[in-house]
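The structure appears right after this line, and notes come after that.
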Amino acid sequence: MKANDIREEFLSFFRSKEHTIVPSAPMVIKNDPTLMFTNAGMNQFKDIFLGNQPASHKRIANSQKCLRVSGKHNDLEEVGLDTYHHTMFEMLGNWSFGDYFKKEAIEWAWEFLTVVLGIPVERIYATVFEGDAEQDVPRDDEAAGFWKSCFREAENHIIDGSKKDNFWEMGDTGPCGPCSEIHVDLRSDSERAEKPGHLMVNTGHPLVIEIWNLVFIQYNRRAGGELELLPEKHVDTGMGFERLCMVIQNKKSNYDTDIFQPLIAASARVTGKPYGENNEWDTAHRVIADHLRTVAFSVADGQLPSNNRAGYVIRRILRRAVRYGYTSLGMREPFMYSLLPTLTETMGGHYPELAAQEGIITRVIREEEQAFLRTLGKGLRMIEQKVKALKQSGGTRFPGSDAFELFDTYGFPVDLTQLILRENSMTLDEEAFRAELNVQKNRSRDDAAVSAEDWVVLEEAESTLFTGYDRTEDNIRIVRYRRVISRGKETFHLVFDRTPFYAESGGQTGDKGYITSEDEKIRITDTVRENNLIIHFAGQLPKKPSAGFRAVVDSSARRDTARNHTATHLMHHALREVLGSHVEQKGSLVTPERLRFDFSHFRQVTPEEIAAVEEKVNEMIMNNIPSEVHDDTPVNEALAMGAIALFGEKYGEKVRVVSFGDSVELCGGTHVSDTGSIGLFKIISEGAVAAGVRRIEAVTGSGALAYLNGKLNKLNEITAMLRSTGDPVANISKLLAENSSLRQTIERMQNSAAAEAGRRLAAGAVTAGSCRIYSGLLDATTAEILRNIAHQIRESDSSSIIIIGTADEGKASMVIGLGDKAAGTTGLNAVEMIKAVAADISGGGGGQPLLATAGGKKPGGLSDAIAKAVEMVRKVL
RNA sequence: GGGGAUUUAGCUCAGUUGGUCAGAGCACCUGCCUUGCACGCAGGGGGUCAAGGGUUCGACUCCCUUAAUCUCCA
């Protein structure tokens, strides 16, 4: 059975059990500071389990794309080395929210595996929670009982498991419960006869594996650690799709299934290194296949590789694959992007976002590959230098600090460093390297240490009511608060029963403002959303938190933000009209000051196109289109209205639709009521942000006016300075031409003046011993010309001693120069001389032994200084 | 969020305790020689040394602030 069929069988099986099939949530998580990626099928239902949100359906099933880069089975550096680690995987899951429980969950799992998929019963094992006396939790006899009726007499296929394997918890507190894992024994008959499967479960054998975990959520763990029974019990299951396919397709490795084989075959073809012939090549192919999948899906979800947080994780994964291609397969040019059509072919059916964005994903990956190959090239040059130096000094032990610098500052992978060292019969001081790495880790950890104290709950409230769409002030009560210490600074997080403050979301920044009661006023510096809570940041805690407060949003900032947000929608619409419908939003930032919009487009946006977009948006502003907002619109209805939805964005069942004429978007942000109040829209920059992604920044309203006025004022100033009513452009180009010819003239004149001054000096030069002293006070010359003159004389007369000075606008400059021969015979040093006489002009000086300069504030002292220096020369002659 | 690095001509980059130091190669322009696959020779144009402050007689160079990019860690 093909992988795509297996997935379909799963979904249709649970559809037949009255489950609603929902699409996979995006793999990249946007609005949860605690989690960057979806790492389990249940993530998107977290709020339901926490009781923050009612379930839309009692029974749900889906296939969820997940990403894990750390954890016991998913350490990034392990992927590819063996046959079962992955960064990205799919998890098949079925859920019951207060509906069916252990009996159905177990029976259906059994039915699906043994009847639908036909896995031999004698190869299946199930584990149940053995109980925990300390917590006073009994063995899960209930689950064991249902398993018994499945396995019948084969009772040794039911195995007790410890708290570690068979008790699932969401976090330190919250919903939890016992679970039952289903394991499959894929070993050969002879091996199984030798050592029965029930002894092999959970021993880490690659062919005796867990494929499905059924979690029975029946407890809530309170902050004190004690468990309480939940009134509503839930089922949460997760089955590793890749493993299941390996079982069904009778393979020894996930990578041998038809999920990965096409990719691996393509990789083998492109690199010319067949799979299955060479261990090193095979590892590289597995790494490439796994990582390409992860990166492609992330980009499809709108997460581009970047240099921090989630984007950085993606970049690191891609680079790891490039590294394997580079060292193991000898690939020196980008190639992974060319495997994308194969991926789309195998997975694009179930995940349409892949096919829809193939073009941009390809470009992004190719660009990233190129960028990393450049980084590698630079690193290679640096390490070669260091190796050469070490070789010359006869050493063979490469310092750990150097390797760390290459790695930390220039991103040069340490395993590549080791490879190169081996080729040069050198070794790396690994201990020193690791020590440096640890220093860096500790520093980062210390910095990141934020201690959030427990919430102080004043009132129980499920979620905050946002009232800010139609008002900027409201009467509120604080329902909970907590103290947060971050880098020695104390802040407070406040949660209200209702709030007019908009929490940062959808690119729009959080509101600022204050809350006030009868006798105090507290500033709110930012507002963010954490799951279902709207958190207000405050520098201090009210003296009486339980008092009622008036919450007041900075309404002028809010109005500016609304102008920019609406303008963003209008521009998005205009961009699609001007450039084409391939324009997809890739990112957005809306602040009171400006708006920034990233979108997919493959060429530079020409000035003409920019102008056209601006014109369209301003036209929509002048037409004063009223806003139309529909709250709680079902998703499909919204899409039918032509609303633009974003890939990689998770929408609930009901969405908010914001439209201005033809611009229709799903959006939770705050907007103006009529486009006319935007006033004016002006694009201030356009540029590239990644391959196939452009960025536009723009301003509106008073910001746009200020921008234009600034430009106009500059132009007015220029025109005024030109004292001409003519075209300033023509005037300036004329000026520039004049300027350049004048500069040449001046240069010539200065040269001849310097030559003339030199001649005069030469005429007045005094022969003293074997040297000639050129001394004197020149006028109206800069220090630079003085230097030039001295230099010229030095060059033409190696027996010269030059001591000259000039006064310029109350400042005195002096230069002392020595010809090569003069310096040799007298043993004089220009630096010492100039320092000795600089005091006479109240200044200081220095330079090189043969040519030194000085400057001071007392031009009157110049003649004395020169005389003194001449005196010094005469003394040694 | 923290550490490190980078920012110099259109491009790729040199620039040594602060002082004839604003450079090279490629590209461009002109002329000559040649007609050809990176031709050669001679000459030339092109710079806010990322931005803004500061120290100094003097700053590409030292200090501070800011920005962008790269990179590692969280």
Side-chain angles (χ1 to χ4, degrees), chain A residues 33-34 36 69-70 305-313 315-316 319 368 370-372 374-379 381-382 401-414 417 433-434 436-450 484 486-489 685 687-690 695 697 736-737 740-741 743-744 751 754 782-795 802 805-817 829-831 834-835 837-859 861-862 865:
Chain A
T34 62
M36 289 191 291
V69 286
S70 58
S306 75
N307 57 359
N308 52 36
R309 298 192 63 81
Y312 185 61
V313 173
R315 173 169 284 173
R316 236 172 52 200
R319 290 187 167 195
E368 274 293 309
Q370 243 151 17
F372 186 51
R374 275 198 298 271
T375 302
L376 284 183
K378 274 189 185 173
R381 281 203 301 275
M382 296 181 76
S401 56
D402 281 1
F404 183 75
E405 189 197 355
L406 278 165
F407 167 72
D408 179 57
T409 303
Y410 303 101
F412 196 73
V414 69
T417 300
F433 177 84
R434 269 195 297 274
E436 298 255 9
L437 190 62
N438 276 333
V439 169
Q440 146 124 308
K441 282 188 175 175
N442 290 334
R443 192 172 40 222
S444 294
R445 219 191 330 270
D446 291 348
D447 176 76
V450 284
V484 177
S486 169
R487 278 197 287 163
K489 271 181 71 182
S685 79
V689 45
R695 167 173 294 179
E697 291 186 310
L736 283 177
S740 114
S741 89
R743 269 215 321 244
Q744 286 171 14
N751 285 340
T782 66
E784 199 180 340
I785 296 172
L786 225 51
R787 260 208 321 268
N788 281 334
I789 294 169
H791 191 69
Q792 272 177 21
I793 299 174
R794 271 195 76 242
E795 295 286 302
I802 308 113
T806 189
D808 186 30
E809 289 175 9
K811 281 167 75 176
S813 305
M814 260 189 88
V815 172
I816 295 182
N829 181 325
V831 177
I834 203 109
K835 284 198 167 145
V837 302
D840 285 326
I841 52 170
S842 340
Q848 290 164 325
L850 296 179
L851 190 82
T853 61
K857 299 179 202 95
K858 206 172 88 183
L862 270 173

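Quick note on labels: first sequence line is chain A, next is B, and so on, each numbered from 1.
At least one side-chain nitrogen or oxygen of A/Tyr312 sits closer than 4.0 Å to the OP1 or OP2 atom of B/rC72. Regarding contacts with the backbone of B/rU71, a side-chain N or O of A/Arg315 is found under 4.0 angstrom from either OP1 or OP2.
Among the protein residues, A/Gly847 comes within range of the nucleic acid bases, having at least one heavy atom under 4.0 Å from a base atom. Nucleic acid contact for A/Gln440: base, since at least one base atom lies under 4.0 Å from a heavy atom of the residue.
Across all strands shown, B/rA67 forms a Watson-Crick or G-U wobble pair with B/rU7, both key distances being under 3.5 Å. Summarising the base pairing, B/rA14 is matched to no nucleotide, lacking a Watson-Crick or G-U wobble pair whose two defining distances lie under 3.5 Å. B/rG31 is paired with B/rC41 under the Watson-Crick or G-U wobble criterion, all donor-acceptor distances under 3.5 Å. In this structure, B/rU20 makes no Watson-Crick or G-U wobble pair, since no nucleotide meets both defining distances under 3.5 angstrom. Across all strands shown, B/rC62 forms a Watson-Crick or G-U wobble pair with B/rG54, both key distances being under 3.5 Å.
The nucleotide whose nearest atom lies closest to any side-chain atom of A/Thr409 is, among B/rG4, B/rC72, B/rG19, B/rG4. In this structure, the nucleotide among B/rG3, B/rA5, B/rC73 sitting nearest to the side chain of A/Tyr410 is B/rA5. Comparing B/rU20, B/rG2, B/rC70 against the side chain of A/Arg319 picks out B/rC70 as the nearest. The side chain of A/Phe407 has B/rC73 as its nearest neighbour among B/rG3, B/rC57, B/rC73. Of the candidate nucleotides B/rC72, B/rU20, B/rG2, B/rC72 has the atom nearest to the side chain of A/Asp408. You'll find that the side chain of A/Arg443 is closest to B/rG2, out of B/rU20, B/rC72, B/rG2.
The nearest whole Å value for the distance from the CZ atom in A/Phe433 to the P atom in B/rC72 is 11 Å. Atom CZ in A/Arg434 sits about 15 Å away from atom P in B/rC73, given to the nearest Å.
Across B/rG15 and B/rA9, the matching P atoms stand 15 Å from one another, rounded to whole Å. Taking atom P on both nucleotides, B/rC70 is separated from B/rA24 by 31 Å, rounded to a whole Å. Atom C1' of B/rU61 sits at a distance of 6 Å from the matching atom of B/rG18, rounded to the whole Å.
Sequence order on RNA chain B of the closest nucleotides to A/Asn442 and A/Ala790 puts A/Ala790 first from the 5' end. For the pair A/Arg787 and A/Gly845, nearest-nucleotide mapping onto RNA chain B gives the more 5' position to A/Arg787.
A donor-acceptor contact under 3.5 Å is not formed by the side chain of A/Thr853 with the base of B/rG58.
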Strictly under 3.5 Å: I want the nitrogen or oxygen pairs between protein and nucleotides 54-56 of chain B, one per line.
none

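The closest side-chain heavy-atom distance from A/Phe407 to A/Thr417 is not below 4.5 Å.
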